[in-house]
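Below: one structure, written as structure tokens.
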Amino acid sequence: MDPAVRQFLIRWPQTLAVGAVTLAPLALTVWALWLLAKLASLLGALVIRPLAAWVGAGPPGVFTTVLEILTAVVILTIVGLLARGAAGKAVGKAVDDLIGRIPIGRTVYSSAQKLIASFHSPMEQAQKVVLIEFPSEEMKTVGLVTQLFKAADTGEELAAVYVPTTPNPTSGYVEIVPVNRLVWLDWTLNEAVQFVVSAGVTAPASIKYRRTGPPPMDMPGPPPAEGPPAP
């Protein structure tokens, strides 16, 4: 075998790995954009597909997909403008009431609202990015504190922590962790998401790892426990 070919075959796995690492950021970006375009297309299809069927258009193609995405952008823009006014808030309340009457829809809709609201609460300005022991005591992972509360039996302070997965932070786990076992980081929410999506490539030069304790002073604590009813 030719020495040059043999040398290439020996180094081929390493070359393949370098190529994969080089293209990984681009692949993640394309995947995220494709996912957003797919969701926008699904939203726009709610308007475009019935219109296309009504006018007798042919099977959907690239032009239809682009039109669906543009329609979704227009819909989101209109909804955003309306949501800022009194009329939009009234419509939003009507939608909340309507979905609230649907058993399964009420559960999913309410949970999604609370999750989104938790990331826009006053805790946004405080430290809510933490490290928790996961999946074992000798390992830690980044989590987002969504709520603080007390254990009904021991009075121990607990935290609900959302643990996002790499590279898709919209899926993950919810863990209930004692507050005194959390490591509170001074990261912003954006920095935590970047760390997860980049598989740890985008990270600060140093990080607290073992300093556990209560939440920062400027973070709201759990609501006070209710006492026994008055006689």
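Any value given below was found using the heavy atoms of this structure, including those in side chains, with hydrogens, waters and symmetry copies removed. Since the model is a prediction, treat every value here as computed from it, not as a measurement.
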**OP:** Measure centre to centre between the rings of Y173 and F134, then say whether the value is under 6.0 Å.
**Re:** yes
**OP:** Mind listing the closest non-hydrogen atom pair of G143 and P164 along with its distance?
**Re:** CA-CD, 4.4 Å
Subject >> Donor-acceptor pair, side chain of K208 and main chain of W184, under 3.5 angstrom >> reply: yes
Original post:
Within the distance-only criterion (no hydrogens, no angle test), does the side chain of T165 pair as donor or acceptor with the backbone N or O of S171 below 3.5 angstrom?
Top reply: yes
Original post:
Pick one: which of V183, T188, L182 meets side-chain contact (heavy atoms from CB on, under 4.5 Å) with L185?
Top reply: V183
Subject >> Whether T166 side chain and A199 backbone form a donor-acceptor pair below 3.5 Å >> reply: no
**OP:** I would like to know whether L158 and V177 meet side chain to side chain contact (heavy atoms under 4.5 Å, CB included); could you show each step before the answer?
**Re:** CA-CA 6 Å; L158 305 174; V177 186; over 6 Å; no
**OP:** Without swapping roles, check the side chain of S41 against the backbone of T65 for a donor-acceptor pair under 3.5 Å.
**Re:** no
Subject >> CD1/I176: more than 12 non-hydrogen atoms of other groups inside 6.0 Å >> reply: no
Original post:
Between the main-chain N or O of R11 and the side-chain N or O of Q14, is there a donor-acceptor pair closer than 3.5 Å?
Top reply: no
Original post:
Picking from I78, L76, T77, what satisfies side-chain contact (heavy atoms from CB on, under 4.5 Å) with V74?
Top reply: I78
Original post:
Are the charged groups of R181 and E133 less than 4.0 angstrom apart, N to O?
Top reply: yes
